[in-house]
Amino acid sequence: MTAFKSDFLNILQERGFIHQCSDFEGLDALAAKGEAIAYVGYDCTARSLHIGNYLTMMMLHWLQQSGNKPITLMGGGTTMVGDPSGKDETRAMRTIAEIEANKESIRGVFAKVLRYGEGKSDAIMLDNAEWLTKLNWIEMLRDVGRHFSVNRMLTMDSVRLRLEREQEMSFIEFNYMVCQAYDFVELAKRTGCRLQMGGSDQWGNIIMGVDLGRRMGTHQLFALTTPLLTTASGAKMGKTAQGAVWLNADQFSPYDFWQYWRNTEDADVAKFLKLFTTLPMAEIRKLEALGGSEINEAKKVLATEATALLHGRDAANEAAETARRTFEEGALAESLPTVEIPRSELDAGLGVLNAFVKAGLVASNGEARRQIKGGGLRVNDAPVTDEKMALSAGNLTPEGVIKLSFGKKKHVLIKPA
């Protein structure tokens, strides 16, 4: 393990954030002096960011904690183009109104892990629509486009892999890396930014920006990437049966977020404690040493600390207590995720398959049938054996809800409204 001069790189290395860096020595010297101004870009393709974005947010967090300055760049402009990285098809084109709505929905999450303000190491938020939407096409070609080699662009993973799979790439997508590289140069000029960080799939795009800065006369720029997230079993992290693990509470509740971390594979607990909590390393090492059934206590610490960082300590403690009452006492915790349905549906008889789909516990009626055959679905803790079963007011508990369960750990309350 390399010993760096800067707290920033030492922290990132010890916690497992580092994958590639364009110049460790130069960046280390900059960060040691508190002069590393760094950014991460976040496109506005959905109403919420997800766990993959959370990883780079934590990199910005540790950058700030070590006395350097983070920039969160909203991709109001680049979202209009669409990042082709890791995709076989062109991303759906979003209207300006959709992008603006997504941008507003996303903004608030950054303040959970970053401190914004006017101070030297306070974070700032910018939007690349401010400059990308004002560019003149001919001037862009002459002043910026001439620095790009199409030969080199064709070797970038985002392009090469698409072409190797014989999937079409549109001209607008081909320009995404040009826009991202130009962002880096623009931020260097506007803010003194020196470093761009991102996932390892962004390495080629970031290096393009470093090279463009050199060609357009900025100060030296740096690139730093983090490994793409996978679980110990090799699965891509951040996916559940219900879809992505969103960071906005209205799309993925604090309880679901807590449960997601509680269900971590044993081999991943220490890694995720380092990446997704701010617990001191000495404490993480103690938890890492736990074995056997004690590993479950480490998972609870991971779940509570990760949830507290994003949703607040009160929400994390409530989620932990809900889980304890539900699993250890077998009680009906009213703070379980709740889905409201019109009372008329219950009065008419709500099909059990449809109920589990509405609750988000399964994706389709077909999946519900398969789970029933395997004994995986329960209503008010009683196994469902008849796929034609209909839920009615007679199934309501004294608390006025119906508890639906998928396996031992996933529960949702159906409440008539």
Side-chain angles (χ1 to χ4, degrees), residues 46-48 50 98 101-102 105 238-263 303 307 310-311 314-316 318-327 329-417:
R47 287 186 54 248
S48 171
H50 52 75
E98 287 173 329
N102 289 343
S105 181
K239 295 289 186 182
T240 69
Q242 291 77 48
V245 179
W246 301 110
L247 303 187
N248 284 13
D250 62 342
Q251 288 185 255
F252 202 79
S253 73
Y255 175 80
D256 286 333
F257 196 74
W258 192 96
Q259 276 296 332
Y260 176 79
W261 297 109
R262 172 62 181 83
N263 294 333
T307 306
L310 182 66
H311 295 298
D314 288 347
E318 182 181 353
E321 176 61 14
T322 297
R324 187 190 68 77
R325 291 187 60 208
T326 303
F327 304 126
E329 296 180 5
L332 176 60
E334 292 180 11
S335 50
L336 284 170
T338 301
V339 173
E340 291 191 346
I341 61 166
R343 179 168 287 277
S344 58
E345 289 191 25
L346 206 57
D347 292 340
L350 177 62
V352 70
L353 303 180
N354 191 18
F356 276 89
V357 172
K358 283 179 176 289
L361 289 168
V362 295
S364 65
N365 286 356
E367 184 184 351
R369 287 191 186 93
R370 289 192 295 275
Q371 293 300 334
I372 288 173
K373 288 177 181 176
L377 302 185
R378 298 191 309 282
V379 172
N380 294 336
D381 297 323
V384 178
T385 56
D386 179 8
E387 66 178 50
K388 295 181 180 177
M389 172 185 179
L391 304 182
S392 66
N395 295 108
L396 292 171
T397 66
E399 294 85 1
V401 296
I402 301 173
K403 180 183 176 187
L404 304 184
S405 304
F406 178 5
K408 295 180 179 179
K409 297 180 178 179
K410 296 178 180 176
H411 309 275
V412 171
L413 304 181
I414 292 285
K415 183 178 182 180

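Just so we're clear, the structure is a prediction, and the values are computed from it rather than from any experiment.
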Donor-acceptor pair, distance only, cut-off 3.5 Å: does the side chain of Ser105 make one with the backbone of Ala101? no
Arg369 vs Leu353, test: side-chain contact (heavy atoms from CB on, under 4.5 Å). Steps then yes/no. CA-CA 7 Å; Arg369 287 191 186 93; Leu353 303 180; 3.7 Å; yes
N-O pairing of Glu321 and Arg324 below 4.0 Å: yes
side-chain contact (heavy atoms from CB on, under 4.5 Å) partners for Ala46, two or more places apart: Trp246
Could you tell me whether the side chain of Ser253 and the main chain of Ala249 form a donor-acceptor pair under 3.5 Å? no
Ignoring hydrogens and geometry, is there a side-chain-to-backbone donor-acceptor pair from Asn263 to Tyr260 under 3.5 Å? no
Tell me which pairs pass salt bridge (Lys or Arg N to Asp or Glu O under 4.0 Å) where either residue lies in residues 251-263, with sequence neighbours left out. none
When rounded to the nearest 0.5 angstrom, what is the spacing between CG in Leu310 and CH2 in Trp258? 15.5 Å
If every non-hydrogen atom of Ile372 is compared with every non-hydrogen atom of Leu377, which pair is closest and at what distance? CG1-CD1, 3.7 Å
Provide the full list of salt bridge (Lys or Arg N to Asp or Glu O under 4.0 Å) pairs with a residue in residues 339-366, sequence neighbours left out, each pair given once. Glu345-Lys358
With sequence neighbours left out, what residues match His311 under ring pair (Phe, Tyr, Trp, His ring centres under 6.0 Å)? Phe257
Sequence neighbours excluded, which residues qualify as salt bridge (Lys or Arg N to Asp or Glu O under 4.0 Å) partners of Asp250? Arg47
All side-chain hydrogen bond (donor to acceptor under 3.5 Å, both in side chains) counterparts of Ser405, not counting sequence neighbours: His411
Those residues that, when tested against Val379, pass side-chain contact (heavy atoms from CB on, under 4.5 Å) (two or more places apart): Val352, Phe356, Val384, Met389, Leu391, Ile402, Leu404
